[in-house]
Participant: 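Below you will find the structure I want to go over with you.
Both counts, for ligands and for their atoms, begin at 1 and track the order of listing.
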Amino acid sequence: MKDKLDQLRQEFLQDLQQVHNQTTLHELELKFLSRKGALSKMLHSLKELDLSARQQFGKLANNLKIELQNKFTEKEATLNINQTHSQNIDPTLPGFNFPQGHFNPITLMQNKLEDLFTSLGFMVLDGPELESEYFNFTALNIPASHPARDMQDTFYIDYPNEHQEYDLLMRTQTSPMQIRAMQKYGAPLRAIIPGRCFRNEATDSRHEHTFYQLEGIVIDKKINFAHLKSFLEIVGQEMFGAKTKLRMRPKFFPFVEPGNNGEYTCFLCQGKGCRVCKYTGWLEIVGAGLVHPRVLEAGGIDPKIYSGLAFGFGLNRLAMLKYNIDDVRLFNSGDLRFLEQF
Ligand code: DAH
């Protein structure tokens, strides 16, 4: 038996000397080390020996197995090194250009506003896209019969909530997060909430069923209209340049009183009038106002002690103006020809 082992070893070493490439290396592996190779067969044949012989030769055979495997791995390593050298790599050649992804222009707007508002001490919150009718409308001072609900028709969900009520819908605005933020954090509060909203729209170049808003809310003692104006001015100057002016025109939103539309001087014509601002010199960008006392109450905040301001930007509209995009449907199209421009 010992002779057999020696012979196998000799044979292996001889063959190993002839190995100069991957093919012969593989042949060597098959012949000696594979499941049906010579070494395996040898180990099997040990079974036929009696116990003491088996113990004696078993040890030798195992040592041989380890030796052969080590020699094989060494050879494999030298072959790999030589192979790399033989490919003649030229390290001075320019590297590969890996294509980089692009941010959607809405994300760019969102990131810019998040940076600005966090520098002003705001938290950035996230909220559910699948909302309840209560948070999306009722708590925002829009009761079931209110005509403001007609303007924000949405996708109602045919599935009961945990109280077995059918009141789930896809949120039409980020404003319900005003209530959730007040309930969770109380006063004082400074938060922005960027997020995706949904409406039942007949889509065209200016209307889309899925779009993005950025809501803001500030609650504290003695918050007034001047605070709102200064926050909106800062945003305008940051987004559209230091010379940007703000004008606020009254507009009804049920959850603020007084409510207004914030408009900025057109960044393209500086207020002279052009195609972008439809020759008015002004761009309507943001809905805003002072938080309605009923909304404060719904948020669990005492309107006799605290007051608040709120605003809502349409991120799609901001991005369309900033990058001169003429079709709102491009944002969700996933079209790389569009996305790769940003
Ligand atoms: N949620 C409103 C909309 O979708 C925008 C808005 C208006 C938000 C006034 C506000 C606000 O916070 O005070 O049209």
Participant: Who pairs with Phe32 by ring-ring contact (aromatic ring centres under 6.0 Å, His included), at least two apart in sequence or on another chain?
Facilitator: Phe12
Participant: Does the distance from a Lys or Arg side-chain N to an Asp or Glu carboxylate O, for Arg249 and Glu263, drop under 4.0 Å?
Facilitator: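 Yes, charged N to carboxylate O under 4.0 Å.
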Participant: Cation-pi check, Arg180 to Phe135: give yes when NZ or CZ is under 6.0 Å from the six-membered ring centre and within 45° of the ring axis, no otherwise.
Facilitator: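 Relative to the ring axis of Phe135, which defines the angle, Arg180 lies inside both limits.
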Participant: For ligand 1, list all ligand N or O to protein N or O distances below 3.5 Å, rounded to 0.1 Å.
Facilitator:
{"residue": "ligand 1", "atom": "1 (N)", "partner": "Gln173", "partner atom": "OE1", "Å": "2.7"}
{"residue": "ligand 1", "atom": "1 (N)", "partner": "Ser175", "partner atom": "OG", "Å": "2.9"}
{"residue": "ligand 1", "atom": "4 (O)", "partner": "Arg199", "partner atom": "NH2", "Å": "3.0"}
{"residue": "ligand 1", "atom": "4 (O)", "partner": "Gln213", "partner atom": "NE2", "Å": "2.8"}
{"residue": "ligand 1", "atom": "12 (O)", "partner": "Gln178", "partner atom": "NE2", "Å": "3.1"}
{"residue": "ligand 1", "atom": "12 (O)", "partner": "Glu215", "partner atom": "OE2", "Å": "2.6"}
{"residue": "ligand 1", "atom": "12 (O)", "partner": "Phe311", "partner atom": "N", "Å": "3.3"}
{"residue": "ligand 1", "atom": "12 (O)", "partner": "Phe311", "partner atom": "O", "Å": "3.4"}
{"residue": "ligand 1", "atom": "13 (O)", "partner": "Ala310", "partner atom": "O", "Å": "3.2"}

Participant: For Phe311 and Phe231: C-alpha separation, side-chain torsions, deciding distance, then whether ring pair (Phe, Tyr, Trp, His ring centres under 6.0 Å) applies.
Facilitator: CA-CA 10 Å; Phe311 50 84; Phe231 276 125; 7.0 Å; no
Participant: Can you confirm whether the side chains of Thr73 and Asn70 place a donor and an acceptor under 3.5 Å from each other?
Facilitator: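 The criterion, which ignores hydrogens and geometry beyond distance, is not satisfied for Asn70 and Thr73.
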Participant: Would you kindly say whether Gln178 and Glu215 are connected by a side-chain donor-acceptor distance under 3.5 Å?
Facilitator: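 Present: a donor and an acceptor within the cut-off.
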